[in-house]
Engineer: 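Once you've had a glance at the structure underneath, I'll fire off some questions.
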Amino acid sequence: MSYTVFFMAAVWKSIFLKERLPWDVCHPEWANEQCFVRANVAPPFGAMSSPIAMNGTVPILRFLWRNLSAVTVKLQPSPEQYFERYVLQSSTKERDFTLSQPGPVIWQLALCLIFCWIVVFFCLYKGIQSSGKAVYFTSTFPFVILLVLLVRGVLLDGAVEGIIFLFKPQWHRLLDVTVWRSAAAQVFFSLGVAQGPLMMFGSYNKFHMRVYKDAVIVCCLDTLTSLIASIVIFSVLGNLAFQLDVPIGTVAKGGPGLAFIAYPEALSKLPVPQLWAVLFFLMLFLLGLDSEFGLLEAVLTAFYDEYPSLRQKKALVTGAGCAVCFLLALPCITHGGLYVIDLMDTYGAGFAVILIAFFEILAVFWAYGLKRLQHNLDFMMKYTPSIYFRSCWVIIAPLILLFIFIYSMADYKPFATNDPDGKYPKWADGIGWLLALASILQIPIWAIYSVVKQSATSCRNKLLQASQPTSEWGPAVLEDREEELSYCYGQQGTTRCDSIELNRTDRGEVYNCQDGTTRLRPQGPNYCQAYDMRSGLDNPAFLPT
């Protein structure tokens with residue numbers, strides 16, 4: 001997000017000063033002798049790395065003829081040097097920064113990061129009340145921008161070739177486990193799977209909200225949005241390749257390079273490039289805000305649930321959370337910050353999330369049990385999942401995740417072995433695994449603790465006891481708990497639930513009142529009467545039998 005704010009500020013500066021986009025020239029402030037502007041290089045040399053003077057006036061053929069040794073030098077287009085040498089400042093005239101020598105914090109990016117967290121704070125400081133209103137804008141407006149960019153992109157020359165390049169499969173890449181791991185990580189990140197936001201936002205729904213419909217709609221819209229965004233990107237890249245008369249594979253980049261190098265370069269070739277650049281980076285910023293809302297609110301909600309008194313100090317807690325996140329992000333905006341982000345993305349958002357999702361499936365559908373979950377879905381939403389969903393939950397999804405994780409481990413290569421430039425030291429992978437284990441180990445640690453604290457004597461009974469829902473498990477609101485009991489016992493005293501729900505009667509938590517209803521008694525033996533008094537009717541018929 002701080003990169004996005006930096007680029008937006010640079011675009012607005014070019015608008016006010018009536019200059020070209022800053023990455024569309026090789027400026028002496030940050031460019032070196034290897035920088036060139038692709039638009040100033042005539043084919044066939046546009047397809048290769050070709051030097052050009054800072055003002056772009058030296059004929060390329062004469063330069064190459066007089067300096068044949070320069071052909072072997074790896075040259076960079078101006079957008080790439082702008083991002084690496086001016087935004088990230090990962091390389092200067094004096095030195096190149098690495099993960100082991102990241103250098104100091106870049107103050108320009110630090111200001112951008114402060115701005116981002118201030119925006120997040122003011123959107124979340126009232127909790128779900130303020131974030132819910134902000135999401136109405138941050139979730140919908142990017143779609144407007146996306147549709148505008150889509151219409152503009154598909155009408156460009158060369159857009160069709162770019163779209164064909166996007167959808168034309170490369171079958172040999174299916175054997176590359178990195179593709180599968182990246183696809184899984186992208187789906188998890190875009191949907192918020194195995195990271196908390198879905199459960200946090202879902203907890204604010206009404207008890208009988210039919211969320212299964214929302215889940216299907218969200219998944220379909222997420223897939224559709226990803227396809228539209230891909231078409232937006234590759235249609236413009238196709239136009240860039242058309243203008244330069246080069247294969248589209250030479251201008252397409254992955255990772256941060258796609259959003260901050262390839263696409264900005266393509267936008268600079270459009271009419272009124274500042275307009276399209278503002279729209280594009282504004283869209284990225286709003287999408288980043290959406291993601292940050294969910295992730296931070298999930299953490300804050302966990303604190304509120306554990307310490308309810310903090311709900312009265314939401315502004316203070318939110319401010320503290322934003323401040324802590326800002327400090328944790330500082331290593332990412334040093335001169336070597338992109339290497340830190342790459343390490344965190346590989347180990348934190350790759351291996352860890354896949355394994356956490358696998359254990360979540362085991363916990364819900366195997367330990368808690370598909371039968372109990374079906375009962376919950378039927379009681380809350382009057383919904384019975386089909387055989388397809390039950391098969392995916394119990395068998396297909398965990399097997400796919402386990403396959404991707406095992407295959408990733410078998411094909412695992414440390415950063416140092418794939419780093420000829422020496423940007424990653426040998427200890428980098430150790431740090432990466434510590435990041436991954438910091439979240440993964442929480443699962444076995446708390447699982448062992450839950451088993452050990454059980455009152456049973458044998459290990460087997462402790463394990464069985466730990467895997468059963470406790471007597472407190474159930475709807476949080478009292479009326480919903482009573483409705484669940486009525487659902488379980490039925491009209492003729494028969495039960496449609498398992499012994500877990502019925503065990504509440506064994507613990508003396510259930511009273512059968514004289515009016516024929518069944519009620520819980522968290523408030524003591526006179527709860528039936530107290531319940532009726534709470535609704536404004538003092539009826540002695542509600543005394544317990």
Engineer: Treating Trp427 as the side-chain partner and Ser100 as the backbone partner, does any N or O pair qualify as donor plus acceptor under 3.5 Å?
Structural biologist: no
Engineer: Side chains of Leu156 and Phe242: does their closest heavy-atom pair fall under 4.5 Å?
Structural biologist: no
Engineer: If you measure from CD on Gln312 to CG on Leu310, what distance do you get to the nearest 0.5 Å?
Structural biologist: 9.5 Å
Engineer: How many angstroms lie between CG in Leu150 and CD1 in Ile233, if you round to the nearest 0.5 Å?
Structural biologist: 11.0 Å
Engineer: Evaluate side-chain contact (heavy atoms from CB on, under 4.5 Å) for Gln81 paired with Tyr86, printing each intermediate quantity in order.
Structural biologist: CA-CA 7 Å; Gln81 284 218 349; Tyr86 186 67; over 6 Å; no
Engineer: Within the distance-only criterion (no hydrogens, no angle test), does the side chain of Gln101 pair as donor or acceptor with the backbone N or O of Asp96 below 3.5 angstrom?
Structural biologist: no
Engineer: Taking the basic N atoms (NZ, or NE/NH1/NH2) and the acidic carboxylate oxygens, is any pair closer than 4.0 Å for Asp176 and Arg181?
Structural biologist: no
Engineer: Return yes if some donor-acceptor pair links the side-chain N/O of Asp222 with the main-chain N/O of Leu191 below 3.5 Å, else return no.
Structural biologist: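 Judged by distance alone, no pair lies under 3.5 Å.
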Engineer: Which pair of heavy atoms, one from Thr138 and one from Asp290, lies closest together, and at what distance?
Structural biologist: OG1-OD1, 2.6 Å
Engineer: Taking all non-hydrogen atoms of both residues into account, name the closest pair between Phe97 and Gln89 and its distance.
Structural biologist: CD1-O, 3.6 Å
Engineer: Apply side-chain contact (heavy atoms from CB on, under 4.5 Å) to Val246 and Leu240, showing your working.
Structural biologist: CA-CA 9 Å; Val246 297; Leu240 175 62; over 6 Å; no
Engineer: Do Leu174 and Val179 come close enough that some side-chain heavy atom pair is under 4.5 Å?
Structural biologist: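 No, too far: nothing below the 4.5 Å cut-off.
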Engineer: Inspect the surroundings of OH in Tyr388 and state if more than 12 heavy atoms from other residues, nucleotides or ligands are less than 6.0 Å away.
Structural biologist: no
Engineer: Any chance OH of Tyr407 has more than 12 other-residue heavy atoms, nucleotides or ligands included, within less than 6.0 Å?
Structural biologist: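 Atom OH in Tyr407 is packed in, count exceeds 12.
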Engineer: How close do Ser2 and Leu109 get, heavy atom to heavy atom, and via which atoms?
Structural biologist: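 Scanning both residues, the minimum pair turns out to be CB-O, 4.0 Å.
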Engineer: Are any non-hydrogen side-chain atoms of Met8 and Phe285 less than 4.5 angstrom apart?
Structural biologist: yes
Engineer: I need the Asp214 CG to Leu198 CG distance, nearest 0.5 Å.
Structural biologist: 11.5 Å
Engineer: Between Tyr82 and Phe7, is the gap from one ring center to the other below 6.0 Å?
Structural biologist: yes
Engineer: Once the angle between the rings of Trp393 and Phe389 is folded into 0 to 90°, is it parallel (under 30°), tilted (30 to 60°) or perpendicular (over 60°)?
Structural biologist: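 The rings of Trp393 and Phe389 sit tilted, inter-plane angle from 30° to 60°.
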Engineer: So, the side chain of Arg85 versus the backbone of Trp30: is there a donor-acceptor pair under 3.5 Å, distance only?
Structural biologist: yes
Engineer: What distance separates Asn239 CG from Arg152 CZ, expressed to the nearest 0.5 Å?
Structural biologist: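 Going from CG on Asn239 over to CZ on Arg152, the span is 8.0 Å.
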Engineer: Are Phe260 and Val87 packed together at the side-chain level, in the sense that at least one heavy-atom pair is separated by less than 4.5 angstrom?
Structural biologist: no
Engineer: Under 6.0 Å from the CZ atom of Phe143, do we count more than 12 heavy atoms belonging to anything else shown?
Structural biologist: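 No, CZ of Phe143 has 12 or fewer neighbouring heavy atoms, counting only those of other groups under 6.0 Å.
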Engineer: Could you report the tightest heavy-atom contact between Ile261 and Pro79, atom names first, then the distance?
Structural biologist: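 Reported closest heavy-atom pair: O-CB, 3.7 Å.
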Engineer: Could you give me the CA-CA distance, side-chain angles and deciding distance for Tyr424 and Thr98, then say whether side-chain contact (heavy atoms from CB on, under 4.5 Å) is met?
Structural biologist: CA-CA 7 Å; Tyr424 296 93; Thr98 64; over 6 Å; no
Engineer: Taking Glu84's backbone N and O only, do any of them form a donor-acceptor pair with Ser90's side chain (distance below 3.5 Å, no angle check)?
Structural biologist: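 Flag set: sc Ser90 to bb Glu84 pair under 3.5 Å.
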Engineer: Judged by atom type as modelled, is there a donor-acceptor pair below 3.5 Å linking the side chain of Ser203 to the main-chain atoms of Met200?
Structural biologist: yes
Engineer: In the structure I gave you, are the side-chain heavy atoms of Trp23 and Ser268 within less than 4.5 Å of one another anywhere?
Structural biologist: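 Yes, at least one pair of side-chain atoms sits under 4.5 Å.
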Engineer: Does a side-chain heavy-atom distance below 4.5 Å link Leu330 with Leu327?
Structural biologist: yes
Engineer: Which atoms form the tightest heavy-atom contact between Leu88 and Leu338, and what is the distance?
Structural biologist: CD1-CD2, 3.5 Å
Engineer: Using the side-chain contact (heavy atoms from CB on, under 4.5 Å) rule, take Glu161 and Ile248 through it: C-alpha gap first, then chi angles, then the decisive distance, then the call.
Structural biologist: CA-CA 8 Å; Glu161 286 72 17; Ile248 189 173; over 6 Å; no
Engineer: Report, as yes or no, whether the 6.0 Å neighbourhood of atom CZ on Phe303 holds more than 12 heavy atoms from other residues, nucleotides or ligands.
Structural biologist: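 Count not over threshold, so no.
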Engineer: Looking only at heavy atoms, which two atoms of Ser78 and Asp24 are closest? And how far apart?
Structural biologist: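 Taking Ser78 first and Asp24 second, the nearest heavy atoms are OG-C, 4.0 Å.
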Engineer: Side-chain contact, heavy-atom cut-off 4.5 Å: Trp180 with Ile400?
Structural biologist: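 Result no, sub-4.5 Å side-chain heavy-atom pair not found.
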Engineer: Could you tell me whether a side-chain N or O of Thr334 sits under 3.5 Å from a main-chain N or O of Pro331, the two making a donor and an acceptor?
Structural biologist: yes
Engineer: After noting the C-alpha distance and the side-chain angles of Asp429 and Lys413, does the key distance pass the salt bridge (charged side-chain N to carboxylate O under 4.0 Å, His left out) rule?
Structural biologist: CA-CA 10 Å; Asp429 294 280; Lys413 295 181 179 62; over 6 Å; no
Engineer: Rounded to the nearest 0.5 Å, what separation is found between the CD1 atom of Ile404 and the CG atom of Leu355?
Structural biologist: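 Going from the CD1 atom of Ile404 to the CG atom of Leu355 covers 12.0 Å.
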Engineer: Side chains of Met344 and Leu435, heavy atoms from C-beta outward: is any pair under 4.5 Å?
Structural biologist: yes
Engineer: With no hydrogens and no angle check, just 3.5 Å: does a side-chain donor-acceptor pair link Gln76 and Gln34?
Structural biologist: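 Checked: Gln76/Gln34 side chains show no N/O donor-acceptor pair below 3.5 Å.
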Engineer: Name the orientation class of the two ring planes belonging to Tyr263 and Phe280 (parallel below 30°, tilted from 30 to 60°, perpendicular beyond 60°).
Structural biologist: tilted
Engineer: If only side-chain N and O atoms count, and only distance matters, is there a donor-acceptor pair under 3.5 Å linking Tyr347 with Asp342?
Structural biologist: no
Engineer: Using modelled atom types and a 3.5 Å cut-off, is there a donor and acceptor pairing between side-chain atoms of Thr301 and backbone atoms of Ala298?
Structural biologist: no
Engineer: To the nearest 0.5 angstrom, please state how far the CZ atom of Phe281 sits from the CG atom of Leu284.
Structural biologist: 6.5 Å
Engineer: Counting the benzene-type ring for Trp, do Trp433 and Tyr412 have ring centres under 6.0 Å apart?
Structural biologist: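 Yes.
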Engineer: Between Thr346 and Leu343 (side chain of the first, backbone of the second, donor and acceptor by atom type, cut-off under 3.5 Å), is there such a pair?
Structural biologist: no
